[in-house]
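Let me begin by presenting the structure, written as structure tokens, before commenting on it.
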Amino acid sequence: MSAEKTAITPTRAQDFPEWYQQVIKAADLAENSETRGCMVIKPWGYGIWELIQQQLDRRFKATGHQNAYFPLLIPLSYLEKEAEHAEGFATECAVVTHHRLEAVKDPVTGKTKMIPTGELAEPYVIRPTSETIIGAAFARWIESYRDLPLLINQWANVMRWEMRPRLFLRTAEFLWQEGHTAHETKDEAIVETRMIHGLYEEFLRDHLAIPVIPGEKTENERFPGADMTLTVEAMVQDCKAIQAGTSHYLGQNFSKAQNISFTGRDGAIQHAHTTSWGVSTRLIGTLIMAHSDDDGLVLPPRVATQQIVIMPITPKEDSREAVIASCHALAETLRHQLHHGEPLRVHVDVRDLSGGVKKWEWIKKGVPIRIEIGPRDIETRKVCVQRRDQAVAAKDFPVKEDFIRQATEILDEIHQNLLARATEFRDANITPCDSLEAFNSHWANETPGWLLTPWAGTPDQEAEISKQHKITIRCVPLDTVLLPHAGEKCFVTGKETATRALWGRSY
RNA sequence: CGGGGCGUAGCGCAGUCUGGUAGCGCGCCUCGUUCGGGACGAGGAGGCCGUGGGUUCGAAUCCCGCCGCCCCGACCA
């Protein structure tokens, strides 16, 4: 076996999209289902989502939001109320038109067919997002300025009839959270929109170890019906951009269309200012592409379904029981430790498989720390520690008690290493650019990084450049983001400008 | 939704041109030898060849419809 052999074929460099699919398969995260464009999320993948959910939910609650649940099916007429918004979704919705199935037996073949009957007077749309149905509820619930702000979040599935699905990144049905809030004033609504934007940025950084560029979408790229769309843009290992989360200020557009109004402090009827914001199972696709390597998945510790896997090494029958007991005892001790407020997630793999097979399985699944304990380790009171952020062959043999003490620190160290690695990669692949010529030639590269340019162009100019190079303005980065400067004059119009646009290919 | 490719065992594929009711590798199960390591040997299980129809004595193979998947576009909150 050659030293270069990788657990995943092809490698990232050989065929990135195929590598991505193979990582998902090797880590047993998800698979395509019989239902078009939809995936089955398997336990190892769903566990990641549950952790994302729990940790984000805690942050939403801490910032004053409450969870609620709204119907999956939205009356068609609700979408008709908000024209601009509805146009943005119209072509990709699944529509429910019947409410009964009738079993009909074919007299010739004897086979039973199910025929939809009972056509609905008004069809329902399977929610592509819930602005309209939640807005209708808000219209009922809000009467006075005293009812504001109304801060609601929903964990749900939504459906968009995607033409080109990709596991986790773009599936027809996906899981997400959608926050919907209503406020008395524009300022308050914008504070909310920005607060959530910041929350997403921190979550990506501190929980998923993904450094993002926070910024605002241009008018062309905005959510249909929004006055302002904020985004967090992640760069993955083929230098493409992934919009990892968005937060929208919807102005009074939706509240006027849906009559979300209230009596103000001055007694006058006013329309509320609303926001909406969300992240989805796409985060899982983003973290796979951001961190994984040619041996498979690499999980950031805070969202690892299991953080530590202990593998008993039992070469001799007479010491077998003692080794396994020792592994369980260590696991139990570790489970009593807290890592960012949560008990360590530790698994003992007692399956009767050869050690090498087990070890590689957990490498491919991306477990942050692997522990091996054999008869010799019991005698020396040491444990064999291997880390997913280090070379496969790298091993450390600390005294067991020392490891127990250091376990949570090692997890944090792994997190920091992943974040540092991803940040370094991102920064190396963002280039300042203020010349049209350099800009145009840049996109001929095989995996072009992002360009940061001074920008004062029109939406039409933006659209033309986008089409020409198959790129988009990912965002206009926030002032607080420190990126290298590239002159003061727009690379297209030559006008002086303080605005910087970040261009790139995206998923 | 346009252009191309493909549906045969859990996975990857051969067989299709030149019809004669299925084969290889990996995986899986059993036994044995191994084993601080992605082991080896022997034996075994598993498929109405995507689906509906047609041609034929006979169809994985030929013809027509449908469904699904993959790649490239268009679309993508």
Side-chain angles (χ1 to χ4, degrees), chain A residues 1-2 5-7 9 15 17-18 21-22 25-26 28 31-39 82 84-93 106 108-109 111 113 127-132 158-167 169-172 174 176 178 217 220-226 228-231 242-248 250 254 276-280 282 295-296 311-317 319-320 323 349 352-364 370-380 382-384 386 392-393 395 397 466-467 470 472 506-507:
Chain A
M1 217 141 299
S2 76
K5 182 175 160 121
T6 59
T9 336
D15 184 349
E18 182 59 24
Q21 309 259 64
Q22 293 303 325
K25 195 169 162 185
D28 210 27
E31 62 189 18
N32 279 311
S33 77
E34 282 68 43
T35 311
R36 200 206 90 100
C38 297
M39 61 178 169
E82 224 294 335
E84 191 195 344
H85 175 65
E87 276 167 28
F89 289 102
T91 55
E92 17 177 327
C93 288
D106 188 309
V108 181
T109 64
K111 284 184 181 170
K113 285 197 168 180
R127 61 182 165 216
T129 177
S130 302
E131 266 75 10
T132 57
V158 289
M159 179 160 248
R160 299 168 187 183
W161 209 258
E162 297 292 351
M163 290 296 127
R164 220 174 134 181
R166 275 166 164 284
L167 287 172
L169 285 182
R170 181 172 288 112
T171 47
F174 59 90
W176 77 345
E178 47 180 324
K217 288 287 185 190
N220 289 8
E221 302 288 325
R222 249 178 233 156
F223 178 70
M228 172 176 82
T229 289
L230 302 179
T231 177
I242 298 185
Q243 178 178 304
T246 47
S247 181
H248 316 285
L250 304 173
F254 282 80
S276 71
W277 29 274
V279 296
S280 71
R282 181 175 238 214
D295 286 325
M311 289 172 273
I313 305 294
T314 53
K316 295 185 183 113
E317 199 51 47
S319 57
R320 194 182 141 83
V323 167
D349 186 355
D352 182 21
L353 288 175
S354 91
V357 172
K358 265 191 211 180
K359 171 180 156 172
W360 280 101
E361 184 177 313
W362 293 115
I363 291 170
K364 288 185 276 191
R370 304 187 300 278
I371 300 289
E372 295 174 353
I373 299 180
R376 288 210 294 272
D377 305 311
I378 293 186
E379 278 169 32
T380 59
K382 290 185 172 180
V383 292
C384 173
Q386 299 170 276
V392 169
K395 294 178 178 185
F397 291 89
S466 296
K467 198 178 171 188
K470 294 173 189 173
T472 43
S506 71
Y507 276 103

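Below, chain A is the first sequence line, B the second, and so on; all start at residue 1.
When rounded to the nearest whole Å, the span between NZ of A/K25 and P of B/rC11 equals 8 Å. Rounded to whole Å, atom C1' of B/rC69 lies 12 Å from atom CG of A/L167. Taking atom NZ on A/K470 and atom C1' on B/rC76, their separation rounds to 16 Å, with Å as the unit. Atom P of nucleotide B/rC35 and atom CD of A/E317 are separated by 14 Å, given to the nearest angstrom. Counting to the nearest Å, the C1' atom of B/rA74 and the CD atom of A/E162 are 13 Å from each other. Protein atom CG of A/N220 is 11 Å distant from nucleotide atom P of B/rC76, rounded to whole Å. Spacing between atom CZ of A/R166 and atom C1' of B/rG73 amounts to 14 Å, rounded to whole angstrom units. Summarising the geometry, the separation between CZ on A/R370 and P on B/rG36 is reported as 18 Å, rounded to the nearest angstrom.
Here A/N32 lies in heavy-atom contact (under 4.0 Å) with sugar-phosphate atoms only. Within 4.0 Å of A/P375, counting heavy atoms only, lies at least one base atom of the nucleic acid. Within the nucleic acid shown, A/R222 has no heavy atom closer than 4.0 Å to any nucleic acid atom. Using a 4.0 Å heavy-atom distance criterion, A/K467 is classed as making no nucleic acid contact. Counting any heavy atom pair closer than 4.0 Å across all strands shown, A/K364 reaches a base atom. At the heavy-atom level, A/K358 lies nowhere under 4.0 Å from the strands shown. Residue-level contact check: A/E361 touches neither bases nor backbone, having no heavy atom under 4.0 Å from any strand. A/G245 comes within 4.0 angstrom of no nucleic acid atom, judged by non-hydrogen atoms across all strands.
For the pair A/R282 and A/Q243, the tightest heavy-atom approach, listed with the atom from each and the gap, is NH1-O, 3.2 Å. Taking every heavy atom of both residues into account, A/A26 and A/K364 meet most closely at CB-CD, 3.9 Å.
When the P atom is compared between B/rG10 and B/rC29, the two are found 15 Å apart, to the nearest whole Å.
Using Watson-Crick or G-U wobble geometry with both donor-acceptor distances under 3.5 Å, B/rC35 finds no partner in any strand shown. If you check B/rG19 for Watson-Crick or wobble pairing at under 3.5 angstrom, you find it has no partner at all. Base pairing of B/rA60 is not made with any nucleotide, judged by Watson-Crick or G-U wobble geometry with both donor-acceptor distances under 3.5 Å. As the counterpart of B/rG7, B/rC67 is assigned, both hydrogen-bonding distances of the Watson-Crick or G-U wobble pattern falling under 3.5 Å. Using the Watson-Crick or G-U wobble rule with both distances under 3.5 Å, B/rG46 pairs with nothing in any strand shown.
Remark: side-chain polar atoms of A/E131 are not paired, donor with acceptor, to backbone N or O of A/S276 under 3.5 angstrom.
Interatomic distance, NE2 of A/H248 versus CH2 of A/W277, reported as 11.5 Å (0.5 Å rounding).
Taking 4.0 angstrom as the limit, A/S354 places a side-chain polar atom (N or O) nearer than this to OP1 or OP2 of B/rA39.
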